[in-house]
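Let me begin by presenting the structure, written as structure tokens, before commenting on it.
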Amino acid sequence: MRRLIWCFAGLVTLLPQLGAAISPEFAERRAKLGKLVPDSVLVLFGSKESQDLHDPFFQQTDFYYFSGWEEPGAILIVTPAPEPGTPGYDRRIKLPREILFLPQRIPGQEKWTGRKLGPDDPDARNFTGFQSVLPAEQFERELRALLDEYPYLAAITNEPLNKIAPSKTVKDSKAEIASLRMVKSPAEIAAIQRTTDASIAAHRAAWRIMKPGVFEYQAAAAMVGSYMAEGCRRSAYAPIVGSGPNSTTLHYSRNSRQMDGGEVAVMDVAAECGNYASDITRTVPVNGKFTARQREIYEIVLGAQRAAIAAVKLGVLIRTGLRKVAFDYLNTHGKDLHGEPLGKYFIHGLSHHVGLDVHDAADDNAPLKAGMVITIEPGLYIPEENIGIRIEDTLLVTEDGARVLSGALPADPDEIERALAQRN
Ligand code: GLY
Ligand code: MN
Ligand code: MN
């Protein structure tokens, strides 16, 4: 018994994802997915071990969503629970509902990349929450056996599957997976709120050091350092700190320029904590005070954002509903230096879903539902004036509108100036 406890304690420290992996939510998601792909064997491939020193291992997020598993080289098979009285029921009921395939441990490699759970580890089933854990080498054999009983094969990638089962058409299950991932559970919403709170603290940390002469990377470092110190593992996306001319480049992430007085800095930076992302942008004056023209453009973008947030309602579509509200606002307020409307300077989408990925799995044509988490992020980018303004919040769609999860971070220009006035 003591040996068993010792062995278990050892694996717990070696496998920090254990808590996540055995959460009942993962199994519930697999059961729901099975119902959405009737008569099909569904296959998902996890990410492989990263082979370079630039990119850390990042689990394929659909794979994580349905398995909670964060180690490389895994494969997942899910089949729907057979309904009594349906064709093949007697045979299908005897087959495994779900199998997690794990690569065999490679001790030499583990010296470099750490201890892994192998399919033969005695507690593999307890650790993963799967009834059936098999070596990855058995994947093809098990898949072929299951395909004898099910007419369809479902996946989000068909490359290796075409070779294994050339006679089966692979049904793309992206839409079914997105339909589940788009609506967040209370635990997911709590995780996104936690990430959002850490990201808000990070923006405030950058504001405290913001002044002419500071480099963009120093502002980015203040933010990343802030949320990593809060226990967030990494950034949800490469931090964007674009000052002056760089404020008009949407995904500028070189962050190498020294900022100057009289400029604005677009800071689109957020953490990933507990696997969940947030997405927040604020645009601030480097010297603490907006010029009259910067403030004019800023207030137009803020007005568009408020109009779009007010338009968040159940059933509304992101592209044709919300974006149009923001565009119409931007295009009917203010003018450029040539007397032209400003709509043409809004050159990106207004909104996307946020979850495990910052641009989360989504069906763009899906009407809004309670429990969805989306951004609202209008922007105007006028290179001729060296002014780029984006204001982005992450919000939860509710039964009666929206709750702005990042609402504790000021967006009002007076409040931003007041916050900057308190800096060191
Ligand atoms: N941070 C990336 C985006 O706003 O979509
Ligand atoms: Mn965004
Ligand atoms: Mn963003």
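- Shown here are the side-chain contact (heavy atoms from CB on, under 4.5 Å) partners of Pro341, two or more places apart in sequence or in another chain: Asn331.
- Ile280 is listed as a side-chain neighbour of His203, based on a closest heavy-atom distance under 4.5 Å.
- With 3.5 Å as the limit, one finds no donor-acceptor pair spanning the side chains of Arg319 and Asn365.
- Between Arg105 and Asp120 there is no salt bridge, since none of the side-chain N atoms of the basic residue sits less than 4.0 Å from a carboxylate O of the acidic one.
- Here Arg30 pairs with Glu98 in a salt bridge; the nearest charged N to carboxylate O distance falls below 4.0 Å.
- Heavy atoms only, all atoms of each residue included: Phe215 and Ser256 are closest at CD2-O, 3.6 Å.
- Between Lys184 and the options Leu396, Asp360, Val397, a side chain to side chain contact (heavy atoms under 4.5 Å, CB included) holds for only Asp360.
- The ring of Tyr381 has its center no closer than 6.0 angstrom to the ring center of Tyr345.
- Between Asp357 and Arg181, at least one side-chain nitrogen of the basic residue sits less than 4.0 Å from a carboxylate oxygen of the acidic one, meeting the salt-bridge criterion.
- Crowding of Lys344 atom NZ: a count of heavy atoms from other residues, nucleotides or ligands under 6.0 Å exceeding 12.
- Atom CZ of Phe327 sits about 10.0 Å away from atom CG of Leu342, to the nearest 0.5 Å.
- Contact check on Lys313 versus Asp400 returns no salt bridge, with no Lys/Arg side-chain nitrogen under 4.0 Å from an Asp/Glu carboxylate oxygen.
- In summary, Arg293 and Glu296 engage in a salt bridge, as defined by a charged side-chain N under 4.0 Å from a carboxylate O.
- Side-chain N/O atoms of Gln60 and Ser47 include no donor and acceptor closer than 3.5 Å.
- Residues Thr398 and Arg403 have side chains that never bring a donor and an acceptor to within less than 3.5 angstrom of each other.
- Of all heavy-atom pairs between Ile391 and Ala411, the closest is CG2-CB, 4.1 Å.
- Between Met182 and Asp363, some side-chain heavy-atom pair lies under the 4.5 Å cut-off.
- A salt bridge links Asp328 with Lys324; the closest basic N to acidic carboxylate O contact falls under 4.0 Å.
- Of all the heavy atoms in Phe66 and Leu76, the pair that sits closest is CB-CD2, 3.9 Å.
- At distances below 3.5 Å, at least one donor-acceptor pair connects side-chain atoms of Gln294 with backbone N or O atoms of Gly262.
- Side-chain atoms of Asp39 and Tyr152 include no donor-acceptor pair closer than 3.5 Å.
- The two residues Phe127 and Trp69 come nearest to each other via the heavy atoms O-CZ3, 4.4 Å.
- Tyr65 carries Arg29 over the face of its six-membered ring, with the cationic atom under 6.0 Å from the centre and within 45° of the normal.
- Seen from the ring of Phe346, Arg390 does not count as a face-on cation partner, given the 6.0 Å and 45° thresholds.
- Within 6.0 Å of CD in Glu83 there are 12 or fewer heavy atoms belonging to other residues, nucleotides or ligands.
- Ring planes of Phe290 and Tyr298: tilted class, angle from 30 to 60°.
- Contact check on Lys335 versus Glu340 returns no salt bridge, with no Lys/Arg side-chain nitrogen under 4.0 Å from an Asp/Glu carboxylate oxygen.
- Using modelled atom types, one finds a donor on one side chain and an acceptor on the other under 3.5 Å when comparing Ser406 with Asp393.
- With hydrogens and angles left out, the side-chain atoms of Asp279 and His352 include a donor and acceptor closer than 3.5 Å.
- Salt bridge absent: Glu263 and Lys211 never bring a charged side-chain N and a carboxylate O closer than 4.0 Å.
- Within 6.0 Å of the NZ atom in Lys171, the count of heavy atoms belonging to other residues, nucleotides or ligands exceeds 12.
- Between Tyr329 and His333, the two ring planes are parallel [angle under 30°; tilted spans 30° to 60°].
- Counting only N and O atoms by type, the side chains of Tyr237 and Glu272 include no donor and acceptor under 3.5 Å apart.
- Side-chain contact check for Phe139 versus Ile77: some heavy-atom pair is nearer than 4.5 Å.
- At a threshold of 4.0 Å, the pair Arg323-Glu377 does not count as salt-bridged, since none of the basic side-chain nitrogens sits closer than that to a carboxylate oxygen.
- Salt-bridge check for Glu28 with Lys35: failed, with every basic side-chain N at 4.0 Å or more from each acidic carboxylate O.
- With no hydrogens or angles considered, no side-chain donor-acceptor pair links Ser278 and Thr195 at under 3.5 Å.
- Here the shortest heavy-atom pairing between Val354 and Ala277 reads CG1-O, 3.5 Å.
- For the pair Arg233 (side chain) and Asn275 (backbone), a donor-acceptor distance under 3.5 Å is absent.
- At a cut-off of 3.5 Å, with distance as the only test, no side-chain donor of Tyr64 or Glu70 sits close to an acceptor on the other residue.
- Side-chain atoms of Ser247 come within 3.5 Å of backbone N or O of Gly388 as a donor-acceptor pair.
- Taking SG from Cys273 and CD from Gln193, the interatomic distance works out to 11.5 Å, rounded to the nearest 0.5 Å.
- Taking CG of Leu153 as the start and OG of Ser173 as the end, the distance is 9.0 Å to the nearest 0.5 Å.
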